[in-house]
Amino acid sequence: MNRTADAPSTRQDAPPSTDRVARRGWLLVPPLLAVLATVAYGVQGTLQFRNLVTRSWDLGIFTQLARAYGELRAPIVPIKGDDVNLLGDHFHPILALLAPVWWVWPSGEALLWTQALLLGISAIPLARLAIDRLGPWLGSVAGGAYVFSFGLQSAASVQFHEIAFAVPLLAMALTSLLRDRVPAAVLWAAPLVLVKEDLGLTVALLGGIIALRHRDDREHRLLGYALACWGAGWFILSTFVILPALNTAGQYDYTDNLGSPLDVFWPGAKWVTVLMLLLAAGVIGARSPLIALMLPTLAWRFTGTVEFYWGWGWHYDAVLMPIALAALLDALGDRRSGRATAWLRRDAPVPVRRIRVTAVAASAVVTLILGGSMPVLDVVRPGSWEPTWRAPYAAAALDAVPDGAVLAVDITLMAQAVPDHDVQWIHGPNTRVPDCVLSDVYAFSWAGQPPADITDWAQETWGTDFETVYDDGGFSVACRA
């Protein structure tokens with residue numbers, strides 16, 4: 001085996017010893033960034049949860065899944081429909097790790113803090129690598145630009161999704177690869193196939209990049225091939241076998257969301273997203289092969305017919321943020337060895353400082369230029385800390401429902417209702433008759449036209465008698481007579 005070309009001149013995973021400032025930066029800045037991001041994203045989640053800000057029904061769905069795992073049951077989620085196993089919707093068995101979280105804190109709010117922690121700790125390996133390669137000041141800016149990037153902020157804003165687990169795994173895998181610790185990179189990347197089915201393609205592509213990057217090292221090349229087979233195998237198995245087998249309709253639900261390949265190039269919102277991602281990678285990151293790891297995610301998003309897939313305001317860019325910073329660091333090279341990556345070369349000269357500063361600035365500016373629209377700024381807006389006037393009415397409405405009751409509920413209080421009730425969506429396909437119905441006249445699912453009387457609506461919908469047990473603050477509860 002020939003490892004001479006890949007061997008670093010100094011140990012690359014230890015703090016620099018020649019520069020006291022660099023050493024302190026290496027030790028202190030990454031954990032500080034992780035703590036700041038965790039607190040910011042966690043507080044943001046708490047403010048949303050307690051002020052009844054509900055971006056979608058996803059938090060309710062994943063809260064119900066966490067409860068099922070916490071009770072050592074299969075992830076049956078009646079919010080999606082009767083007997084719906086969420087492992088037949090997306091393949092995310094890694095979410096079984098939420099069981100201990102549920103044991104300690106049985107609440108949807110706990111999921112928001114779990115996600116905040118996962119996003120925060122992903123900054124530690126990447127920021128340390130940035131400080132190693134770029135120096136303490138420039139590396140710290142790169143780490144800060146990453147952990148508060150538009151992709152991570154948007155993910156935190158739209159509340160919990162399974163991709164939160166992918167972000168630190170990708171950060172560790174890519175950091176290990178850039179430190180030439182290939183076995184560690186493979187081990188960190190392998191569990192990504194358990195986060196979501198499409199990430200198998202990302203893992204497969206990463207395996208191919210490892211094999212190409214270390215083509216002169218037989219052991220590492222074989223590890224790359226093995227990882228590529230692992231990722232591709234799990235993508236095929238999960239998408240075409242496991243998901244249809246566990247799906248109540250016997251199919252993969254998201255095939256119908258795919259349009260024509262020509263749709264990849266239009267509308268223009270897709271090009272805006274691409275531009276933002278290139279800027280997050282400092283533009284120069286485009287000459288690193290690692291940038292190709294964005295392609296599987298962008299491919300299914302841009303061929304998708306769902307508008308949420310195309311833009312930057314949802315959670316879909318979160319998994320691309322570690323890739324953007326890793327590609328940036330790969331292209332800018334290592335100040336200690338004097339080598340950088342340029343396309344297929346790994347011995348290109350390190351770009352001059354002006355280019356390095358400009359590239360890191362670009363990765364920060366793409367988030368800063370969005371200004372007041374950045375979600376995490378809600379944490380410092382005084383108005384966000386004012387309790388909503390509806391909070392006591394929401395609590396009273398939930399108290400009016402007996403514990404353990406089958407409850408059909410709007411999205412507004414869906415996650416809050418899960419710990420104490422058997423929840424289904426008020427507009428869902430469920431066939432069982434609920435014990436109670438909880439409606440919010442302000443819920444967006446009514447499209448501005450809520451029923452005049454939820455009791456009459458419930459009786460008409462389920463063909464049985466209901467009576468009103470609570471009605472105040474926009475919330476109404478009707479239970480079976």
Side-chain angles (χ1 to χ4, degrees), residues 31 34-80 84-87 89-125 147 152-153 155-172 188 191-196 199 315 318-319 322 376 379 398 403-404 409 411 413-423:
V35 170
L36 287 174
T38 299
V39 172
Y41 293 145
V43 169
Q44 178 188 16
T46 289
L47 293 176
Q48 288 183 331
F49 193 80
R50 298 184 180 180
N51 288 330
L52 311 182
V53 176
T54 308
R55 300 295 302 274
S56 73
W57 67 344
D58 290 335
L59 182 59
I61 288 170
F62 287 114
T63 302
Q64 202 165 55
L65 171 140
R67 177 181 173 180
Y69 280 135
E71 296 174 354
L72 305 182
R73 296 184 286 109
I76 304 300
V77 177
I79 290 172
K80 291 278 288 186
V84 168
N85 188 324
L86 210 61
L87 285 175
D89 181 62
H90 283 302
F91 186 68
H92 40 50
I94 200 168
L95 294 185
L97 295 176
L98 292 175
V101 176
W102 188 262
W103 299 337
V104 175
W105 189 2
S107 168
E109 192 176 354
L111 272 63
L112 300 177
W113 276 92
T114 299
Q115 176 169 266
L117 177 62
L118 291 169
L119 298 181
I121 63 175
S122 72
I124 295 177
V147 80
L152 299 193
Q153 286 201 45
S157 175
V158 298
Q159 303 175 331
F160 184 87
H161 290 88
E162 70 274 28
I163 53 85
F165 282 90
V167 176
L169 288 173
L170 274 167
M172 291 299 301
W188 282 112
L192 285 167
V193 300
L194 307 178
V195 177
K196 197 162 173 275
L199 287 174
H315 64 282
V319 297
V376 80
V379 173
L398 288 171
D403 288 351
V409 64
I411 288 175
L413 293 178
M414 184 177 284
Q416 287 86 341
V418 166
D420 297 320
H421 307 97
D422 184 355
V423 175

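Computed over heavy atoms, backbone and side chain alike; hydrogens, waters and symmetry mates excluded. The shown structure was predicted, so the numbers you read here are calculated from the model rather than taken from an experiment. Quick note: residue numbers are just sequence positions, from 1.
- Environment of CH2 in W188: sparse, with no more than 12 heavy atoms of neighbouring residues, nucleotides or ligands closer than 6.0 Å.
- Residues W102 and T63 have side chains in contact (heavy-atom distance under 4.5 Å, counting atoms from C-beta outward).
- Residues in residues 100-112 take part in these salt bridge (charged side-chain N to carboxylate O under 4.0 Å, His left out) pairs, two or more places apart or across chains: R50-E109.
- Pairs passing the salt bridge (charged side-chain N to carboxylate O under 4.0 Å, His left out) check and including a residue from residues 59-79, sequence neighbours excluded, read R67-E71, E71-R73.
- Results of the side chain to side chain contact (heavy atoms under 4.5 Å, CB included) test with L86 over I76, I61, L95 single out I61 as the only residue that passes.
- In this structure, the side chain to side chain contact (heavy atoms under 4.5 Å, CB included) partners of L170, at least two apart in sequence or on a different chain, are L192, V319, P322.
- Residues meeting the ring-ring contact (aromatic ring centres under 6.0 Å, His included) test with F91, sequence neighbours left out: W234.
- Residues passing the side chain to side chain contact (heavy atoms under 4.5 Å, CB included) test with L52 are T388, R390, A394, T412, L413, Q416, F475, sequence neighbours excluded.
- Residues passing the salt bridge (Lys or Arg N to Asp or Glu O under 4.0 Å) test with D420: none are found, sequence neighbours excluded.
- With sequence neighbours left out, the side chain to side chain contact (heavy atoms under 4.5 Å, CB included) criterion links A318 to L152, A155, I163, V167.
- Under the rule for a salt bridge (Lys or Arg N to Asp or Glu O under 4.0 Å), the partners of D89 that lie at least two apart in sequence or sit in another chain are K80.
- The backbone N or O of L87 lies less than 3.5 Å from a partner atom in the side chain of N85, making a donor-acceptor pair.
- Between Q115 and F62 there is no side-chain heavy-atom pair separated by less than 4.5 Å.
- Proximity of I79 to V418: side-chain heavy atoms (C-beta onward) are separated by under 4.5 Å at one or more points.
- Between V147 and A37, the closest heavy-atom pair is CG2-CB, 3.3 Å.
- Listed by first and then second residue, the salt bridge (charged side-chain N to carboxylate O under 4.0 Å, His left out) pairs involving residues 91-104 amount to none (not counting sequence neighbours).
- Shown here are the ring-ring contact (aromatic ring centres under 6.0 Å, His included) partners of W57, two or more places apart in sequence or in another chain: W425.
- Atom CH2 of W103 sits about 11.5 Å away from atom CG of L98, to the nearest 0.5 Å.
- Every residue meeting the ring-ring contact (aromatic ring centres under 6.0 Å, His included) condition with H90, not counting sequence neighbours, appears here in chain and number order: Y254.
- A distance-only check finds no donor-acceptor pair linking the side chain of H421 to the backbone of P419 [under 3.5 Å].
- Every side chain to side chain contact (heavy atoms under 4.5 Å, CB included) that P191 has, sequence neighbours left out, goes to L169.
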